[in-house]
Visitor: 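Structure incoming, see below.
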Amino acid sequence: MMYTLVSNRHMNDFDPMYYATENATIPFRTDLQDNGDSFTLTAELPGFDREDIHLSVSAGVLTIQAQHSANQQRNENGWVLQERHTGPYRRTFTLNDIQEDAITAAYKDGILTLNLPKAKPAAPQRREIAIG
């Protein structure tokens, strides 16, 4: 059986600053490791509090969202350079053959780590077929 985990990485091919508009979400970097019976997904989310990160799974789609609140406006208070982003961060991943109810997550030192256990393949069942 083949296991796949697909990411919508379309925005990662471009400069995030270009997309950091009022209504856009900012992508963040992730790594995915196949451990045999599970996947480990790690995401860089430095500077967030645990309460700012929200994870959800629905209909085979994992969504990671985080929100930095804007403390100061870019054009105020004498900023010469401000590269730290404020606003929404979001990534979605399509899960295939993952035990959604067994996903676990931890957040430490700006790294979100998710353990995504693979679904166990269903054992083939034998049944007799009556001849009519």
Visitor: State which residue, out of Thr92, Asn96, Ile98, fulfils the side-chain contact (heavy atoms from CB on, under 4.5 Å) condition with Thr94.
Guide: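 Of the listed options, the one satisfying the test is Asn96.
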
Visitor: Hey, what do you get for CG (Leu116) to CD (Gln33), rounding to the nearest 0.5 Å?
Guide: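 Here the rounded value is 11.5 Å.
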
Visitor: Give, for atom OG1 of Thr30 and atom CZ of Arg91, the distance between the pair rounded to the nearest 0.5 Å.
Guide: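 The OG1 atom of Thr30 sits 4.0 Å away from the CZ atom of Arg91.
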
Visitor: What residues form a side-chain contact (heavy atoms from CB on, under 4.5 Å) with Thr42, not counting sequence neighbours?
Guide: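 Thr42 satisfies side-chain contact (heavy atoms from CB on, under 4.5 Å) with Asp31, Thr40, Ile111, Thr113 only.
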
Visitor: Could you name each residue pair satisfying salt bridge (Lys or Arg N to Asp or Glu O under 4.0 Å) that touches residues 122-132, not counting sequence neighbours?
Guide: Arg126-Glu128

Visitor: Which pair of non-hydrogen atoms, one from Pro117 and one from Ser38, has the smallest distance, and what is that distance?
Guide: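 Distance-wise, the nearest heavy atoms are CA-CB, 3.7 Å.
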
Visitor: Does the Lys118 side chain pair with the main chain of Asp97, one donor and one acceptor, at a distance under 3.5 Å?
Guide: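 The answer is no, because no donor-acceptor pair under 3.5 Å joins these two groups.
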
Visitor: Are Phe93 and Leu32 packed together at the side-chain level, in the sense that at least one heavy-atom pair is separated by less than 4.5 angstrom?
Guide: no

Visitor: Distance-only criterion, 3.5 Å: show the donor-acceptor pairs between side-chain atoms of residues 46-65 and protein atoms not counting sequence neighbours.
Guide:
unit_1	atom_1	unit_2	atom_2	d
Arg50	NH2	Tyr107	O	3.2
Asp52	OD2	Asp49	N	3.3

